[in-house]
Amino acid sequence: MDYDGTISLVDIGDELMVRHYGNVEQLAAIDAAYDAGQLGSRELIVWDMEVLPHAPELLRADATTMPQDDEFASFVADVRARGAQVEVVSDGLGFYVRPNLDALGLADVPVATNENPLTGGSGMRFPYGHPSCFVCGTCKRERVRLHQAAGRVVVFIGDGTSDRFAAAHADLVFAKESLARICEGHGWPYIGWERFAEVREAVDAAFADGRLPLAAEDLPAWRAQHAPAPRAFICGPEVWGPRRTSPAGGPGPEY
């Protein structure tokens, strides 16, 4: 699942930019360029870290004040009790995801996100990026495909523009806000949600009516009946060519 706007109730990166950069018109223009595919998230994150204050303690302290969904910890406990794994995949500024989950008592939840030592844009690292596509910092598409290749059914939960690359391949999608609009535009099935209490109820219903398999031995029959048809790639080097840093742009620097 996504973190910003999904587990956290606000996009923490956006909130930090509004608080500490404040050029609202420029922020809107940058966000519009990203949504239009003229800018990749790696480029966006590097720019964010260049213009934010180079004040690690200030940024960390601010990030800890941002609200998180108070139902998330119990949701994790419920789905784990059914045998599911939980992974957080974030293509945001990265540095606050692990400590904020720790504050919820979820230090053992795996996190795939960007490495951000808070030393400006040049310090950013992208350990979960695609090896030959440099558009996204964290390749959510490949996280989905990795778990599917391991024989798992993948439920993806998200809200934002970058989540479309995961939603295009997940077996079951929970979407709100931008992701819901993207799913509607592509005709992808999804379950709408706002808070994790609703997701918990919907997951219980999906187990009850067979949309999710109850046990590993049920997986072959489930795939034959319920698994969505494979979709063509909508991102990555298969679509844009290798070494791209934005969908609309040419090859750029390797990060």
Side-chain angles (χ1 to χ4, degrees), residues 1-35 39-76 86-129 134-140 143 157-163 177-178 195-196 245 253-255:
M1 61 198 70
D2 174 49
Y3 180 80
D4 281 294
T6 298
I7 299 167
S8 66
L9 299 183
V10 298
D11 187 308
I12 294 178
D14 286 353
E15 289 292 315
L16 292 174
M17 292 300 295
V18 170
R19 289 187 187 187
H20 297 294
Y21 182 63
N23 186 331
V24 177
E25 290 184 357
Q26 186 173 21
L27 289 177
I30 290 285
D31 286 344
Y34 171 67
D35 289 341
L39 187 71
S41 67
R42 290 198 193 194
E43 294 175 307
L44 178 61
I45 291 164
V46 167
W47 181 82
D48 286 348
M49 292 311 304
E50 284 299 326
V51 301
L52 281 170
H54 294 186
E57 294 310 313
L58 171 66
L59 297 178
R60 290 191 184 102
D62 272 6
T64 64
T65 68
M66 307 290 180
Q68 301 185 90
D69 191 324
D70 55 13
E71 292 283 339
F72 181 61
S74 58
F75 169 77
V76 170
V86 176
E87 179 177 282
V88 174
V89 290
S90 174
D91 199 21
L93 299 182
F95 70 91
Y96 44 76
V97 179
R98 177 79 276 160
N100 283 7
L101 291 177
D102 292 353
L104 292 174
L106 297 172
D108 61 342
V109 169
V111 173
T113 192
N114 308 310
E115 290 183 359
N116 185 352
L118 296 172
T119 57
S122 61
M124 291 295 304
R125 297 292 180 269
F126 304 100
Y128 294 95
F134 310 133
V135 172
C136 296
T138 296
C139 184
K140 297 183 180 184
R143 298 309 299 169
I157 306 171
D159 79 307
T161 302
S162 70
D163 295 328
E177 299 179 5
S178 295
R195 300 292 290 269
F196 273 95
T245 57
E254 293 192 31
Y255 289 91

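These figures come from a predicted structure and were not determined experimentally.
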Go through it in stages, so that I can follow the logic: the residues are V10 and D14, the test is side chain to side chain contact (heavy atoms under 4.5 Å, CB included), and I'd like the CA-CA distance, side-chain angles, deciding distance and then a yes or no. CA-CA 8 Å; V10 298; D14 286 353; over 6 Å; no

Report the C-alpha distance between F72 and L106 in whole Å, list the side-chain angles of each, state the deciding distance to 0.1 Å, and finish with yes or no for side chain to side chain contact (heavy atoms under 4.5 Å, CB included). CA-CA 10 Å; F72 181 61; L106 297 172; 3.5 Å; yes

Heavy-atom pair of closest approach, residues G13 and D4: N-OD1, 3.9 Å

Closest approach of F95 and A63, non-hydrogen atoms and distance? CE1-CB, 4.1 Å

I need the minimum non-hydrogen distance between C136 and R42, along with the two atoms involved. O-NE, 2.8 Å

Starting at CD of E71, measure out to CG of L104 and round the result to the nearest 0.5 Å. 11.5 Å

Backbone N/O of E115 and side chain of R125: donor-acceptor pair under 3.5 Å: no

Check: R98 side chain, A107 main-chain N or O, donor-acceptor pair, under 3.5 Å: yes

Any donor-acceptor N/O pair, E50 side chain to G121 backbone, under 3.5 Å: yes

May I ask you to decide whether K140 forms a salt bridge with D2, counting only side-chain N to carboxylate O separations under 4.0 Å? yes

Would I7 and F196 satisfy side chain to side chain contact (heavy atoms under 4.5 Å, CB included), going step by step from the backbone distance to the final call? CA-CA 8 Å; I7 299 167; F196 273 95; 4.2 Å; yes

Interatomic distance, OG1@T119 vs NE2@H54, rounded to 0.5 Å, equals 8.0 Å

To the nearest 0.5 Å, atom CG of L9 lies from atom CZ of R195 at 5.0 Å

Yes or no on side chain to side chain contact (heavy atoms under 4.5 Å, CB included) for F75 and I157, after CA distance, side-chain angles and deciding distance? CA-CA 12 Å; F75 169 77; I157 306 171; 4.0 Å; yes

Could you measure the distance from the OG atom of S178 to the CG atom of D35? Nearest 0.5 Å is fine. 6.5 Å

Donor-acceptor pair between S162 and D91 side chains, under 3.5 angstrom: no

Taking atom CZ of F134 and atom OG1 of T245, what is their separation to the nearest 0.5 Å? 9.5 Å

Would you indicate whether the side-chain heavy atoms of V135 and E43 approach each other to under 4.5 Å? no

Using 0.5 Å steps for rounding, measure from the OG1 atom of T65 to the CD atom of E15. 9.0 Å

With respect to L93, which candidate in T113, L52, D11 satisfies the side chain to side chain contact (heavy atoms under 4.5 Å, CB included) definition? L52

Nearest atoms (heavy-atom pairs only) where P53 meets H20: CD-CB, 3.4 Å

For G92, is there any backbone N or O sitting under 3.5 Å from a side-chain donor or acceptor partner on N114? yes

Could you walk me through whether Q68 and S8 pass the side chain to side chain donor-acceptor pair (under 3.5 Å) check? CA-CA 4 Å; Q68 301 185 90; S8 66; over 6 Å; no

Would you mind writing out the side-chain donor-acceptor pairs for residues 23-32 within the sub-3.5 Å range, not counting sequence neighbours?
from: N23; atom 1: OD1; to: Q26; atom 2: N; distance (Å): 3.0
from: Q26; atom 1: OE1; to: Y21; atom 2: OH; distance (Å): 2.4

Y96 and side chain to side chain contact (heavy atoms under 4.5 Å, CB included): which single residue from L101, T64, I12 fits? I12

Please report the closest heavy-atom contact between G137 and S41, naming both atoms and the distance. N-OG, 3.0 Å

Are side-chain N/O atoms of Y3 and N100 paired as donor and acceptor at under 3.5 Å? yes

For a quick test of reading the model, state the closest non-hydrogen atom pair linking L118 to P56 and the distance between them. O-CG, 3.5 Å

